[in-house]
Amino acid sequence: MNSDTLIKETIIADVKKIVPESQVVTDYETLYDAASDRYRKYAKAKRVLDNPLPTAVVFPKNVNEVKELLMYANENDINVIPRSGKTATEGGLENWKDLALVIDGSKMNKILNIDPYNMQATVEAGVKLQDLEDELRKIGYTTGHSPQSKPVAQYGGLVSTRSIGQFSTLYGGIEDMVVGLECVFPNGHISRIKNVSRRAGGPDIRHIVIGNEGTLCYITEVTVKIFKYYPENNKFFGYLVNDVETGIKVLREVMTNGYRPSVARTYSPEDARQHFYHFYEDKCVLIFMAEGPKGIVEATGVGIEEAVEKFKDGVCKQVDSQLIANWFNQLNWTQQTIDDEVQGMIDNDKHDGFTTEISADWETIPKIYNNVIERIRNEFPRAKDLTMLGGHSSHSYINGTNMYFVYNYNINCEPEDEMKIYHHPIQAIIVEETLKLGGSMCHHHGIGKYRNEWTKEEHQSAYYMLESLKEVFDPKGIMNFGNIYPVQEGFKYQK
């Protein structure tokens with residue numbers, strides 16, 4: 001038995017003194033699954049992951065167990081990977097250390113309070129978004145949050161990754177929904193941020209926690225806003241338009257005129273083909289959904305129609321609204337969707353659905369889109385293997401929007417080389433063009449471990465602030481090594 005094995009066995013034995021043995025899992029399949037998230041999904045499915053397996057996966061059941069686990073890891077220089085939901089897409093759950101504990105919050109799964117009068121709900125970190133949504137729907141309310149991962153995503157992960165949902169144009173991102181929270185720092189300190197509607201008590205300390213991607217603390221409890229739900233008033237709008245620029249102009253017109261549809265999207269023809277193949281007619285697709293009280297829905301609908309009329313020269317035709325409604329009803333993942341995708345990768349040498357999402361102001365987004373598409377088509381060495389290259393804008397604000405680049409490809413290389421040969425070069429072009437024009441390289445999936453080489457360029461002089469948070473709250477660097485903050489040790493996995 002070598003020294004590394006002895007050290008790992010000692011760690012496992014120590015952890016079983018902190019939590020019951022039944023909450024510590026060390027079998028190979030569990031550790032292999034915990035070694036990476038959906039970022040390297042193809043290599044994972046093909047069983048060729050080359051990064052270290054974590055030492056154990058631990059399932060605490062309360063905040064005090066989280067506290068004791070973090071203190072132990074901090075005292076013994078053991079990497080901690082906070083996990084809750086397992087739907088990360090940017091390598092945020094990938095392990096880059098020989099000694100590591102994945103602390104999984106899924107056993108902390110109580111809905112603690114639903115308070116319709118004060119329009120908020122409090123949940124433990126392991127509560128599934130869908131479970132809270134189901135309970136709220138029973139009494140006529142909604143979370144307003146609906147990422148595609150809604151059936152399986154959990155609140156700890158949603159908050160730590162600064163999640164956004166399909167209805168964000170009306171309800172906002174998770175950062176707009178979080179009222180207060182509880183979190184634990186590596187030294188064992190438990191912080192509770194109280195639930196108030198607003199305050200001017202210094203900087204908004206919620207944002208130290210929201211989006212920290214497990215690099216500063218572990219989230220154990222969250223309070224979020226809730227909203228009244230009026231599904232009977234929902235209205236859908238769909239149009240075929242000539243180009244992405246026209247679609248973005250219509251989105252801008254709606255937003256800057258003060259309307260807030262819950263959904264406002266425009267798809268390139270290539271991206272539209274995989275969603276709307278039965279009616280897209282080789283055109284871009286522009287879609288809206290208006291929801292809320294009847295008067296607001298009617299006013300929003302008028303605003304959408306006026307915006308479309310203003311740019312009618314670029315609009316080809318209106319689409320039956322029922323087609324848009326049907327599409328939305330089938331959009332979310334389920335665990336079965338994920339399992340089927342994995343099996344498909346095992347059986348075939350391809351996969352669908354790599355994305356890189358960025359954001360910028362209205363003027364800049366079309367420039368980034370056109371520059372990226374042109375560069376990938378002309379510079380990417382494996383362009384002939386692309387089966388789809390396009391994008392869509394799906395989250396808009398009064399001063400700009402996002403662009404979700406989507407690309408699929410046949411894989412003509414060994415599984416372990418797929419990311420280096422295909423995904424990384426494409427992502428590098430997208431990030432380079434976005435940063436060059438002043439946009440953000442990550443709109444809502446986070447930085448993870450594979451965009452961290454650009455973190456300093458993303459934040460520029462403000463990186464001082466981000467770096468200082470790490471130095472203060474995680475001085476020993478045990479929280480999710482390699483996430484957000486660039487590290488030399490991770491270069492071999494990135495390149």
Side chain to side chain, Asn370 and Val372, heavy atoms closer than 4.5 Å = no
Please check if the distance between the ring centroids of Tyr404 and His444 is under 6.0 Å.
-> yes
Kindly indicate, with the supporting measurements, whether the criterion side chain to side chain contact (heavy atoms under 4.5 Å, CB included) is fulfilled by Leu216 and Leu469.
-> CA-CA 8 Å; Leu216 304 176; Leu469 289 174; 4.2 Å; yes
Any side-chain heavy atom of Phe237 within less than 4.5 Å of one from Ile324?
-> no
Between Thr364 and Asp361, do the side chains contain an N or O donor and an N or O acceptor separated by less than 3.5 Å?
-> yes
Distance-only polar pair, side chains of Tyr280 and Asp282, donor-acceptor under 3.5 Å = yes
Side chains of Asn326 and Gln322: donor-acceptor distance under 3.5 Å anywhere?
-> yes
Okay, side chain of Lys110, backbone of Val123: is any donor-acceptor separation there less than 3.5 Å?
-> no
Any chance the side chains of Glu124 and Thr220 put a donor and an acceptor closer than 3.5 Å?
-> no
Residue pairs passing the ring-ring contact (aromatic ring centres under 6.0 Å, His included) test where at least one lies in residues 114-151, sequence neighbours excluded | none
Check whether the side chains of Asp271 and Ser268 place a donor and an acceptor atom closer than 3.5 Å, and report yes or no.
-> no
Quick one: are Tyr422 and Ile411 in side-chain contact, heavy atoms under 4.5 Å?
-> yes
Option among Ile304, Leu240, Leu251 that satisfies the side chain to side chain contact (heavy atoms under 4.5 Å, CB included) test with Leu286 | Leu251
Passes salt bridge (charged side-chain N to carboxylate O under 4.0 Å, His left out), Arg375 versus Glu433? Steps please.
-> CA-CA 9 Å; Arg375 276 193 64 189; Glu433 289 301 317; 2.9 Å; yes
Is the backbone of Asn483 close enough, under 3.5 Å, to the side chain of Asn480 for a donor and an acceptor to pair up by distance?
-> no
Geometric class of the Tyr267/His392 ring pair [parallel <30°, tilted 30-60°, perpendicular >60°] = parallel
Could you tell me whether Asp385 and Arg382 make a salt bridge, using a distance below 4.0 angstrom between a side-chain N and a carboxylate O?
-> yes
Under 4.0 Å between a Lys/Arg side-chain N and an Asp/Glu carboxylate O for Glu270 and Arg273?
-> no
Distance-only donor-acceptor hits, side chain of residues 253-261, under 3.5 Å, sequence neighbours excluded:
unit_1, atom_1, unit_2, atom_2, d
Glu253, OE1, Lys310, NZ, 3.3
Glu253, OE2, Asn257, ND2, 3.3
Glu253, OE2, Lys310, NZ, 3.4
Thr256, OG1, Arg252, O, 2.8
Asn257, ND2, Glu253, O, 3.1
Arg260, NH1, Met255, O, 3.2

Donor-acceptor pair, side chain of Thr387 and main chain of Asn408, under 3.5 angstrom | yes
Can you pull the salt bridge (Lys or Arg N to Asp or Glu O under 4.0 Å) pairs that have at least one residue in residues 202-215, sequence neighbours excluded?
-> Asp204-Arg206
Lys41 and Glu94 ion-paired at < 4.0 Å = no
Strictly by modelled atom types, are Asn233 and Lys294 linked by a side-chain donor-acceptor pair under 3.5 Å?
-> no
Between Lys44 and Asp33, is there a salt bridge with N-O shorter than 4.0 Å?
-> yes
When you check the side-chain N and O atoms of Tyr42 and His423, is any donor under 3.5 Å from an acceptor?
-> no
Cationic N near anionic O, under 4.0 Å, Arg192 to Glu182 | yes
Heavy-atom donor-acceptor pair, Thr89 side chain to Tyr39 backbone, under 3.5 Å = no
Do Lys235 and Ser321 have side chains that get closer than 4.5 Å, going by heavy atoms?
-> no
Is there a side-chain contact between Ile174 and Val178, using heavy atoms and a 4.5 Å cut-off?
-> yes
Would you please say whether a donor-acceptor pair under 3.5 Å links the side chains of Gln120 and Asn113?
-> no
Flag this pair as yes if the NZ/CZ of Arg265 is under 6.0 angstrom from the six-membered ring centre of Phe288 and inside a 45 degree cone about the axis; otherwise no.
-> no
Is the closest side-chain heavy-atom distance between Glu291 and Ile296 below 4.5 Å?
-> no
Tyr369 side-chain N/O to Gly390 backbone N/O, donor-acceptor pair under 3.5 Å | no
With distance as the sole criterion, is a donor-acceptor pair present between the side chains of Asn371 and Lys436 under 3.5 Å?
-> no
Are Ser160 and Asn212 linked by a side-chain donor-acceptor pair shorter than 3.5 Å?
-> no
Could you tell me whether the side chain of Asn378 and the main chain of Glu374 form a donor-acceptor pair under 3.5 Å?
-> yes
Do you see a donor-acceptor pair shorter than 3.5 Å between the side chains of Ser393 and Thr401?
-> yes
Taking the inter-plane angle between the rings of Tyr409 and Tyr407 on a 0 to 90° scale, is it parallel (under 30°), tilted (30 to 60°) or perpendicular (over 60°)?
-> parallel
Please determine, by modelled atom types, if Ser440 and Glu458 share a side-chain donor-acceptor pair under 3.5 angstrom.
-> yes
Go through the steps to decide whether Tyr171 and Phe227 satisfy the test ring-ring contact (aromatic ring centres under 6.0 Å, His included), and finish with yes or no.
-> CA-CA 9 Å; Tyr171 296 107; Phe227 306 87; 4.8 Å; yes
